[in-house]
Amino acid sequence: MPPFTMSPAAQNLNFIQPLKVNTLSDVITIDVGGQIFQTTKQTLALAGPKSLFSQLAESIHLGPRFIDRDPELFSVLLSLLRTGNLPSKAKAFDLEDLIAESKFYNVESLLVNSLSSPSQFDAFNLEKSQTLPLNGRDFASTMATTEFGTLHVAHGSKITSFDWALRRKATILTQFTAIDSLLALSPNLAAAGATDFSGMQILDLEKGFVKQTVCWENVTRSSSTVQAIGASPDLLFTSFESGRRNSNSIMVYDLQTFLPVTEIGHCEIFGADLDSAIPATKLKWVEEYGVVMASGSHSGPSGILGNVKLWDIRSGNVVWELKERVDCFSDITVSDNLSAIFKIGVNSGEIFFTDLRKLGNVENNNPWVCLGDSRKVSNFKKKEGVGCKIEANGGQVFCSKGGDVELWSEIAMKGKGEDELGVRVFRGNLMGRVKDIGGSRITNMAFGGSKMFMTRKDEQSVDVWQSSLKGF
């Protein structure tokens, strides 16, 4: 959620002029631009201690107050306080006016919660709402979002940021030639790294400077390039590879101080040990199980090989591991809501899943269940999954196929018995309206607040998808 500060006007209450004194009731009378409003001290206090509303509540002993602002906009914000939702009449106002007024009263956080809360995300009712242009000639390499929809897009050596309402845009120039890994730590702070530049940088995106640089001290004392970045609520995970490409590691840092906490997955490569030579190129935290999923793949003489590991941060041990040999993943993700790992087979282009609840009971070396045409798995020539992307958000899984996106969700089924997990069934549908379907190949997908973002090959912009039920 964006940080909020008191506006200069709100910090000085001299502009609020006292009318009549009535200290015998919790009912507060406010004159806004000549229109009288009445509410309670308890309602105003819901805005938080730093808001102007809260200050009005605390000044009840001074009697009715006068504020020289727009009464119609005040009415909308007061209704937001009372119900937690914007009233229908809010659609008659420009969103920019509502944002400006919410900042004056220092209640922008309430507006963010109402319009950009992840709970407002409707996966089955998404449609393309707008396109965000990027500055310069470079295409987007990666992007990251905050919980409430602030968007950071890396393109070339630059990072362009959009606020939660997608109304304000700013671009900074970094020291990287190109950015391969990007993680949003807050609306104004991000962790960035590259596969050809030493160290992970913590960037202040508002002021445009490097707040801190974090490096991995490997045995050969060569540079340490970043392969992936992930985070839990308290920890920051970074996958490093030495500049000589003969060692790799996953470092764990404190998310507040960025000081090292522990090191896991440290591998020194000797000879033709391909498994050790594969650094983690994707790191995903699994909150339900308290583990981090680390995955990576490598193209060798015998095809594309990969591995997936679930690391217990507390013990530093691998609690589950799978070596990919047959239809290695083109991309892979994990869903806390669905308790499952999903991948796209690089050869078949089909989606597979493995149930996290059953990993301890898997008796064979292939726990994957194909959600599509399993006959394609044996075809090693088509490489239909190359370039496909897969991401999980809420209770759905989104998979790009060329310029289109498939939306997969689980169908509720009855279990075979009280103590036995039943067969899980997933159904896929093509996402979006006919007018929005198609286009050049999708290169990135990300989710923030009530929106879905995607970038496409050779396009200097970001597509924004949003529920058609939204009023703005």
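Atoms considered below: every heavy atom in the structure, side chains included; atoms not considered: hydrogens, waters and symmetry mates.
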Under 3.5 Å, is there a donor-acceptor pair linking the side chains of [X] and [Y]?
X: Ser117; Y: Asn113; answer: no
X: Lys389; Y: Asn444; answer: no
X: Gln466; Y: Glu127; answer: no
X: Glu263; Y: Ser249; answer: yes
X: Gln201; Y: Thr174; answer: no
X: Ser247; Y: Ser242; answer: yes
X: His155; Y: Thr160; answer: yes
X: Asn85; Y: Ser114; answer: no
X: Ser224; Y: Glu241; answer: no

Practice problem: Tell me whether the guanidinium CZ or amine NZ of Lys169 lies under 6.0 angstrom from the six-membered ring centre of Phe162 and within 45° of its axis. | Solution: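 Checked: cation-pi criterion not met.
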Self-check item: Phe258 vs Tyr253, ring-ring contact (aromatic ring centres under 6.0 Å, His included): CA-CA, chis, key distance, verdict
Solution: CA-CA 5 Å; Phe258 305 112; Tyr253 301 95; 8.2 Å; no
Self-check item: Within-4.5 Å side-chain heavy-atom neighbours: Tyr105 and Ser51
Solution: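 Of all side-chain heavy-atom pairs linking Ser51 with Tyr105, none is under 4.5 Å.
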Exercise. Please name the residue in the list Phe426, Trp368, Trp408 that meets the ring pair (Phe, Tyr, Trp, His ring centres under 6.0 Å) test with Phe353.
Key: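 Between Phe353 and the candidates, ring pair (Phe, Tyr, Trp, His ring centres under 6.0 Å) is satisfied uniquely by Phe426.
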Quiz prompt | Ionic contact status for Glu410 with Arg427, cut-off 4.0 Å | solution =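 No.
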Quiz item: With under 30° as parallel and over 60° as perpendicular, where do the rings of Phe398 and Phe121 fit, or are they tilted in between?
Solution: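 Plane angle over 60°, so perpendicular.
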Practice problem: May I ask you to decide if Ile179's main-chain N or O and Ser141's side chain share a donor-acceptor pair within less than 3.5 Å? | Solution: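 Yes; judged by distance alone, with no hydrogens or angles, the pair exists.
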Quiz item: Under 6.0 Å between the ring centres of Phe453 and Trp465?
Solution: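 Here the rings of Trp465 and Phe453 have centres that are no less than 6.0 Å from each other.
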